[in-house]
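Reviewing the structure listed below.
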Amino acid sequence: MSASGIREGGADVSSGRRLARKAQRSGVFAVLARLGFAVSGVLHVIVGVIAISVALAAGESGGASPSGGGSGAATTRPGPGSSGAAGRADETGALASLTATPLGYALLWAVVVGLAALGAWQVTQTILVREDDRRRAVARRVMEGFKALVFLVVAASALAFALGGHSSAARTIHDLSVAAIRAPGGAVVLVMAGLIVLAVGITFAYRGVTRDFRRDIHVPAGVPGVLTVTVGVVGHVAKGAALGIVGVLLGIAALTADASQATGMDGALRALVSLPFGGVLLHLVGVGLIAYGLYALVRAPTARL
């Protein structure tokens, strides 16, 4: 989206839009946002690898989901850097895996800075959405706002790890779901949250199938461009499928008043194992998440900011 000019349709833009455009003109802000895409790509690759390892372990155990999945298990989640945390197929596992590397904590701080900047960038994108159709504008704002929230939450989780603490996405979602179910009207809120996540997942998949994501990047010429679009298609569809499962599980939790059904990415991916050909599906989603990570890495230098 262009950040030039501070007038639209002959009228002054709001102060919020003015500030958002001013922020997007900052070269430092843009560099940090690109760092955010890069670290997001690394995290997606790690989650994809973990998902494939879960599928392999499930195959060796006869199709049963390995321990560590589901929100109920989150009550005894190990600390950062432990084998249990590193085995989670979500950002918790990815962050824990980073801490186990020689440059682990330096990488964690890069994740904190990059994703915080990228989350802030997505906030400006949410503010600056322009669509002639009001419903499309609302849908795009929800999409951009959801991405901003995810980036900021993962940045906060990385900060907790970097400061020596630990964080569990599944535990957080489980606790929030329990609170929602117990609160008056909370189940409705949880259903709405599930529908939003499901809608975002469908949007990711749609953008992959239609290759709409190409608007976000400067597609390289030749073979690099073909490879970029290919991993973008596969990655968007896979991430959309994973988010869709999360949304469905949130809805089930609300409708059955069973918070143990509410889970994050790790639980959603492990839920695939119990399905017919679940191991194959989990392998495909894992490969897809790796593809999305590679796309994000390519997007870092080529994003239209």
Inter-residue atom distance T203.OG1 - L198.CG, 0.5 Å rounding: 9.0 Å

Is the H44 to Y295 ring centre distance short of 6.0 Å? no

Determine whether F151 and W121 make a side-chain contact, defined as any pair of heavy atoms from C-beta on separated by less than 4.5 Å. no

Only counting residues at least two apart or in another chain, list the ones meeting side-chain contact (heavy atoms from CB on, under 4.5 Å) with L159. W109, V112, L163

Can you give me the closest heavy-atom contact between A117 and A33, atom names plus distance? CB-N, 4.1 Å

Between the CZ atom in F37 and the CG atom in L115, the distance rounded to the nearest 0.5 Å is 10.5 Å

Going from CG on L281 to NE2 on H283, what distance comes out if it is rounded to the nearest 0.5 angstrom? 11.0 Å

Of all heavy-atom pairs linking G288 and A238, the shortest is CA-CB, 3.3 Å

same_hphob_cluster(V123, V113) at 4.5 Å side-chain heavy-atom cutoff: no

Tell me, do V31 and L35 make a side-chain contact under 4.5 Å, heavy atoms counted? no

ILVMFWY network linking V154 to I196, side-chain heavy atoms under 4.5 angstrom: yes

Report, one line per pair, each donor and acceptor closer than 3.5 Å where one atom sits in a side chain of residues 242-254; sequence neighbours left out.
none

Taking side chain as C-beta onward, heavy atoms only, is L43 less than 4.5 Å from L95? yes

Check against side chain to side chain contact (heavy atoms under 4.5 Å, CB included), Y105 and L108: CA-CA 5 Å; Y105 283 95; L108 280 178; 3.8 Å; yes

Can you name the nearest heavy-atom pair linking A296 to G41, along with the distance? CB-CA, 3.6 Å

Give a yes or no on whether the backbone of G36 and the side-chain of S40 come within a donor-acceptor separation of less than 3.5 Å. no

So do the side chains of F161 and V111 get within less than 4.5 Å of each other, counting heavy atoms only? no

In this structure, would V138 and F146 fall into the same cluster of hydrophobic residues linked by side-chain contacts under 4.5 Å? yes

Check: A303 main-chain N/O paired with R34 side-chain donor or acceptor under 3.5 Å: yes

Hydrophobic clusters here meaning ILVMFWY residues chained together by side-chain heavy-atom distances under 4.5 Å, can you tell me if V237 and L297 are in one? no

Identify the two heavy atoms, one from A291 and one from V234, that lie closest to each other, and give their separation to 0.1 Å. CB-CG1, 4.0 Å

Compare all side-chain heavy atoms of L227 with those of V298 and state whether any distance is below 4.5 angstrom. no

Is any side-chain heavy atom of M143 closer than 4.5 Å to a side-chain heavy atom of F204? yes

Spell out, yes or no, whether L289 and V153 are grouped together once hydrophobic residues are joined by side-chain heavy atoms under 4.5 Å, including indirect joins. no

Can you tell if the side chain of V219 reaches within under 4.5 Å of the side chain of T302, non-hydrogen atoms only? no

Mind listing the closest non-hydrogen atom pair of A116 and A155 along with its distance? N-CB, 3.7 Å

Name the one of K147, R207, R304 that satisfies salt bridge (Lys or Arg N to Asp or Glu O under 4.0 Å) with D216? R207

Any chance you could measure L294, atom CG, to T230, atom OG1, to the nearest 0.5 Å? 11.5 Å

Rounded to the nearest 0.5 Å, what separation is found between the NE2 atom of H236 and the CZ atom of F213? 6.0 Å

What one should report as the nearest heavy-atom pair of R214 and T210 is NH2-O, 4.4 Å

